[in-house]
Amino acid sequence: MPADPSALAAAAAALRARQLVAFPTETVYGLGARASEPLAVRQIFAAKGRPVDHPLIVHLAEASEVEAWVDRGRLPDGGATLDALAAHFWPGPLTLVVPRASGVPDEVTGGMDTVGLRVPAHPLARALIAAAGGGLAAPSANRFGRVSPTTAAHVRAELGPDLLIVDGGPCEVGVESTILDLCDPAGPALLRPGGLSAEALVEALAARGRPPTPLPTGARRAPGALAAHYAPRTALRLAADPDAEAAPLRAAGQRVATLRSGGDLAGYAQRLYAELRALDLAGVDLLIAELAPELGLGAAINDRLRRAAFGSSGSSGSSGS
Ligand code: TXA
Ligand code: MG
């Protein structure tokens, strides 16, 4: 792993001086600022070109650090589900949306009364969070509406040469965290499919007495989770069998690139954004990507592919974080 202790110390010092630092997580690279510093957090929105009402996830080094960020009294069960899911799935690709504690800056939550919390599984991320003194607010380290970065080189390409980046190599999961809202008295709601499968969440919740039925997607959408998202510039089409779709188009003289799962969903998720980026630069007329089975990581892969296809189709929908 490339980042050495002195690089981490320099990055932590920059964060303490209210500068932005990009860092690896197991899902994608994040663009971090200390979540307790509103002026630092504001710079994130400027750097990304992101609307200020899109809330940020607060990344913690340890589950015990949630106490500074959550108002347990306003959770339907006083935080029992929060504690159980945190013990089961953190560190890992799960973000839990909870009522925010009174001190959480509006800049972090986009003015909302809730805050998204997660303990990432990447050792460099956790070491950096601890060295910076806790709580890093971080969206994915891409320009607004673009594909999330899964390498330090992607971050550099998105946000320029001056940004301090902790290089942890390629991200292991490759798609963003699963977001679960715990605020609704009716029960947990899935706001974004992601690196942790919804089936694993249903199973863990069933062990606590919830019926083992699919999670509702929630009336309260995650702001920024708009139809168009993660958009490549090249037209993108989705298909069960990309090569079969590509054959007649190629025969007609079109330059068509295909993106295929190879039957390995974890591998497909891990290389999805890197391949979208590379193919987008390849100068083809059309990308055709394989839709995954709608199960486990496949749900997150398909969600990202659909948003990317929507964004690339020339339709006028707005794009997201
Ligand atoms: O894997 C990830 O989640 C990555 C890494 C860096 O941790 N982060 C990430 O952040 O994907 P971002 O900002 O690109 O996407 C976070 C999503 C946004 O759609 C945002 O609206 C939603 O999480 N979100 C954050 N806080 C929320 C809240 N309090 N309520 C509802 N949605 C929230
Ligand atoms: Mg993002």
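For ligands, and for the atoms within them, numbers begin at 1 and follow the listed sequence. Excluded from the calculations below are hydrogen atoms, water molecules and symmetry mates; all remaining heavy atoms, backbone and side chain alike, are included. Position 1 is the first residue of the sequence, and the numbers go up from there. Keep in mind that what you see is a predicted model, and the values were worked out from it rather than measured.
- Residue-ligand proximity, Val115 to ligand 1, at heavy-atom distances under 4.0 Å covers atoms 29 (N).
- When Val98, Ile44, Thr27 are checked for heavy-atom proximity to atom 1 (O) of ligand 1, Thr27 turns out nearest.
- Applying the 6.0 Å contact sphere to CD of Gln43 captures more than 12 heavy atoms from other residues, nucleotides or ligands.
- Near Pro55, with a cut-off below 4.0 Å to any heavy atom, the atoms of ligand 1 are 20 (C), 21 (O), 24 (N), 25 (C), 26 (N), 27 (C), 28 (C), 33 (C).
- For atom 16 (C) of ligand 1, the nearest non-hydrogen atom from the set Glu176, Arg192, Arg118 belongs to Arg192.
- Checked for salt-bridge contact, Asp285 and Arg250 miss the test: no charged N lies under 4.0 Å from a carboxylate O.
- Against a heavy-atom cut-off of under 4.0 Å, Val97 is close to the following atoms of ligand 1: 28 (C), 29 (N), 30 (N).
- Checked by atom type, the side-chain pair Thr27/Ser177 shows no donor-acceptor distance below 3.5 Å.
- Which parts of ligand 1 touch Gly116 is read off a 4.0 Å heavy-atom cut-off, strictly below it: atoms 26 (N), 29 (N).
- The residue Asp181 has no part lying near ligand 1, judged by heavy-atom distances below 4.0 Å.
- For the pair Arg74 (side chain) and Ala101 (backbone), a donor-acceptor distance under 3.5 Å is absent.
- At least one heavy atom of Leu191 sits less than 4.0 Å from an atom of ligand 1.
- Which parts of ligand 1 touch Ile179 is read off a 4.0 Å heavy-atom cut-off, strictly below it: atoms 17 (C), 22 (C), 23 (O).
- Heavy atoms of Met112 approach ligand 1 to within less than 4.0 angstrom.
- No salt bridge links Arg192 with Glu176; every basic N to acidic carboxylate O contact stays at or beyond 4.0 Å.
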task: Walk me through it: do Glu65 and Arg126 pass the test salt bridge (Lys or Arg N to Asp or Glu O under 4.0 Å)?
output: CA-CA 12 Å; Glu65 293 166 11; Arg126 295 174 71 201; over 6 Å; no

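- At a cut-off of 2.8 Å, Ser148 does not coordinate the Mg ion (ligand 2) through any N, O or S atom.
- With respect to the salt-bridge test (charged N to carboxylate O, under 4.0 angstrom), the residues Glu26 and Arg118 qualify.
- For the atom pair CG of Asp280 and OG1 of Thr234, the computed distance is 3.5 Å after rounding to the nearest 0.5 Å.
- Residue contacts with ligand 1, taken as heavy atom pairs separated by less than 4.0 Å, involve His59 solely via side-chain atoms from C-beta onward.
- The existence of a salt bridge linking Arg72 and Glu67 is confirmed by a sub-4.0 Å separation between a basic side-chain nitrogen and an acidic carboxylate oxygen.
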Is there a salt bridge (Lys or Arg N to Asp or Glu O under 4.0 Å) between Arg237 and Glu245? Walk through the geometry before answering.
CA-CA 10 Å; Arg237 187 182 297 176; Glu245 292 251 338; 3.7 Å; yes

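- The atoms of ligand 1 that sit less than 4.0 Å from any heavy atom of Arg50 are 12 (P), 13 (O), 14 (O).
- Residue Thr114 approaches ligand 1 through these ligand atoms, each under 4.0 Å from one of its heavy atoms: 28 (C), 29 (N), 30 (N).
- Listed by atom number, the atoms of ligand 1 under 4.0 Å from Ser140 heavy atoms are 8 (N), 9 (C), 10 (O), 12 (P), 14 (O).
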